[in-house]
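Notes to accompany the following structure.
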Amino acid sequence: LVLVLLFPLGYSQQLRMEFQQRDFLDARKLVKDVMSEHRKGDPAPGRAIWNALDEETQQNWTAFADQDRDQDARKYYQRLGKLVESLNELLEKQDLYSEVDWRDAMVGAEARALLDKEPGALSVDDVKRLNRILIENAYPDRFRAQPPRQLRITYLGFAISPPIPFTKQRVDRWIEQLAIPMIMGFLVGFLAIFAAVLVTAPIIPHMFEPGSLNLLLSKPISRSLMFLAKFIGGCAFILLNVAYLIIGLWLIAGLRFSIWNHGLLLCIPIFLFLFAIYYSVSALAGVIWRNAIVSVVLTVVFWLVCTTVGTTKVMFDQLG
């Protein structure tokens with residue numbers, strides 16, 4: 001069930017089109033540059049941008065240019081949000097670019113390739129991307145330098161997150177070095193161990209139930225060998241399950257994120273070794289008290305003691 005729920009998780013790359021507040025280095029100076037070029041009346045990107053705005057938006061831009069963030073931060077960010085909305089509306093305009101207004105502005109190779117296409121050949125996304133590049137390249141000192149593509153987390157093919165302001169290489173590195181170890185530490189190192197102890201705890205006490213031991217001792221087998229068979233059987237059962245889980249997680253990381261971390265497969269023997277230690281405590285408690293609940297409780301107590309000792313050692317090592 002865990003593997004089924006995790007498999008649709010992934011991420012997709014898409015061209016960066018719509019503006020966000022974090023894209024600006026100085027939004028007020030951008031507005032002032034546009035207004036200054038408009039007032040001059042000479043052909044310039046600012047004139048084309050200003051003329052493409054409706055009267056209400058022009059008034060909002062004028063108020064934002066005069067807004068002091070230190071005096072009223074709440075109103076500043078309200079107007080900044082409206083500025084972003086109006087810029088995103090501009091991106092949909094197919095006639096924003098004109099050779100006259102952009103003749104002295106840096107266009108860039110990507111925008112030039114889009115401009116060389118036939119007007120009807122541009123999709124809606126192409127128009128948005130073109131207009132964004134034109135605005136950014138006309139005022140490069142007002143925007144943060146960002147990669148042309150952005151990532152979104154997806155589930156079943158649907159985006160479930162806002163755009164992630166990082167490159168694919170950085171996200172892959174974050175997943176491999178941080179996300180996967182955290183998931184493995186919690187899912188396999190905590191939940192799976194606890195579930196394994198809980199599931200296998202009744203195996204040894206069950207031998208001592210009325211009728212069970214008589215049937216087993218009817219065969220020519222010693223009690224110690226029977227105990228070892230039960231212990232090894234519990235370990236084998238957990239090995240099959242944890243191998244299925246970890247190999248599934250390894251395949252999901254590889255197929256969905258192209259991260260083939262073979263170190264994940266080493267978790268299988270490590271998990272089995274760790275479980276065998278805890279299961280030995282559970283099995284011993286099962287032989288002595290013949291109660292599954294007591295076996296689970298004592299194993300959890302032993303687990304907490306080991307964790308406390310390990311954490312204390314790490315703390316003293318760091319202080320030293």
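Just so it is clear, the structure is predicted and the values come from calculations on it, not from any experiment. Every heavy atom of this structure was used, including side-chain atoms; hydrogens, water molecules and symmetry mates were not.
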Could you pull out the closest heavy-atom pair between [X] and [Y], with the gap in Å?
{"X": "Lys82", "Y": "Asn60", "answer": "CD-ND2, 4.3 Å"}
{"X": "Leu91", "Y": "Asn131", "answer": "O-ND2, 2.7 Å"}
{"X": "Phe143", "Y": "Tyr139", "answer": "CD1-O, 3.2 Å"}
{"X": "Ala48", "Y": "Trp102", "answer": "CB-CZ3, 3.5 Å"}
{"X": "Pro205", "Y": "Gly286", "answer": "CG-CA, 3.9 Å"}
{"X": "Gly46", "Y": "Glu37", "answer": "N-OE1, 2.6 Å"}

With a cut-off of 6.0 Å (strictly less than), are more than 12 heavy atoms of other residues, nucleotides or ligands near [atom1] of [X]?
{"X": "Tyr155", "atom1": "OH", "value": "yes"}
{"X": "Phe227", "atom1": "CZ", "value": "yes"}
{"X": "Ile288", "atom1": "CD1", "value": "yes"}

Side chain proximity check, [X] to [Y], heavy atoms < 4.5 angstrom:
{"X": "Trp250", "Y": "His262", "answer": "yes"}
{"X": "Leu6", "Y": "Leu249", "answer": "yes"}
{"X": "Phe302", "Y": "Ile277", "answer": "yes"}
{"X": "Leu272", "Y": "Val242", "answer": "no"}
{"X": "Ile135", "Y": "Leu96", "answer": "yes"}
{"X": "Phe19", "Y": "Glu136", "answer": "yes"}
{"X": "Trp303", "Y": "Val281", "answer": "no"}
{"X": "Glu89", "Y": "Val84", "answer": "no"}

Taking [X] for its side chain and [Y] for its backbone only, find out whether a donor-acceptor pair lies under 3.5 Å.
{"X": "Arg16", "Y": "Pro147", "answer": "yes"}
{"X": "Asn137", "Y": "Val107", "answer": "yes"}
{"X": "Arg152", "Y": "Ser161", "answer": "yes"}
{"X": "Arg28", "Y": "Ala65", "answer": "yes"}
{"X": "Ser123", "Y": "Asp126", "answer": "yes"}
{"X": "Gln58", "Y": "Trp50", "answer": "yes"}
{"X": "Asp101", "Y": "Pro43", "answer": "no"}
{"X": "Ser86", "Y": "Leu83", "answer": "yes"}
{"X": "Asp104", "Y": "Ala44", "answer": "no"}

Atom pair [atom1]/[atom2] of [X] and [Y] - distance to nearest 0.5 Å:
{"X": "Lys32", "Y": "Asp26", "atom1": "NZ", "atom2": "CG", "answer": "8.0 Å"}
{"X": "Leu130", "Y": "Asp125", "atom1": "CG", "atom2": "CG", "answer": "12.5 Å"}
{"X": "Ser12", "Y": "Arg149", "atom1": "OG", "atom2": "CZ", "answer": "10.5 Å"}
{"X": "Leu239", "Y": "Phe271", "atom1": "CG", "atom2": "CZ", "answer": "10.0 Å"}
{"X": "Ile259", "Y": "Leu264", "atom1": "CD1", "atom2": "CG", "answer": "9.5 Å"}
{"X": "Thr57", "Y": "Gln59", "atom1": "OG1", "atom2": "CD", "answer": "9.0 Å"}

Using the rule that two of Ile, Leu, Val, Met, Phe, Trp, Tyr join whenever any of their side-chain heavy atoms come within less than 4.5 Å, decide whether [X] and [Y] are in one cluster.
{"X": "Val297", "Y": "Leu304", "result": "no"}
{"X": "Met182", "Y": "Leu187", "result": "yes"}
{"X": "Leu240", "Y": "Ile270", "result": "no"}
{"X": "Tyr278", "Y": "Val296", "result": "yes"}
{"X": "Val197", "Y": "Leu284", "result": "no"}

Exercise. Going by the side-chain hydrogen bond (donor to acceptor under 3.5 Å, both in side chains) test, name the single residue among Gln169, Lys168, Arg170 that passes it with Asp172.
Key: Lys168

Quiz item: For Lys313 and Asp317, what are the C-alpha separation, side-chain angles and deciding distance, and is it a salt bridge (Lys or Arg N to Asp or Glu O under 4.0 Å)?
Solution: CA-CA 6 Å; Lys313 178 184 181 301; Asp317 288 343; 2.8 Å; yes

Quiz item: Run the side chain to side chain contact (heavy atoms under 4.5 Å, CB included) check on Tyr279 and Thr299 step by step: do they pass?
Solution: CA-CA 8 Å; Tyr279 188 40; Thr299 304; over 6 Å; no

Quiz item: Looking at Phe24, is Arg142 sitting on its ring face, NZ or CZ under 6.0 Å from the six-membered ring centre and within 45 degrees of the normal?
Solution: no

Practice problem: Examine Arg256 relative to Phe7 and say whether NZ or CZ is less than 6.0 Å from the centre of the six-membered ring and inside a 45° cone about the ring axis. | Solution: yes

Quiz item: How are the rings of Phe257 and Tyr11 set relative to one another: parallel (under 30°), tilted (30 to 60°) or perpendicular (over 60°)?
Solution: tilted

Quiz item: Step by step, would you call Asp33 with Ser36 a side-chain hydrogen bond (donor to acceptor under 3.5 Å, both in side chains)?
Solution: CA-CA 5 Å; Asp33 290 344; Ser36 176; over 6 Å; no

Exercise. Could you go through the side chain to side chain contact (heavy atoms under 4.5 Å, CB included) check for Glu18 and Arg132 one step at a time?
Key: CA-CA 7 Å; Glu18 294 186 348; Arg132 173 170 179 139; 5.6 Å; no

Exercise. Assess whether side chain to side chain contact (heavy atoms under 4.5 Å, CB included) is satisfied between Leu87 and Trp61, documenting all intermediate values.
Key: CA-CA 11 Å; Leu87 279 173; Trp61 281 39; 3.8 Å; yes

Self-check item: Derivation of the side chain to side chain contact (heavy atoms under 4.5 Å, CB included) call for Gln146 and Asp23
Solution: CA-CA 8 Å; Gln146 300 190 56; Asp23 294 342; 2.6 Å; yes

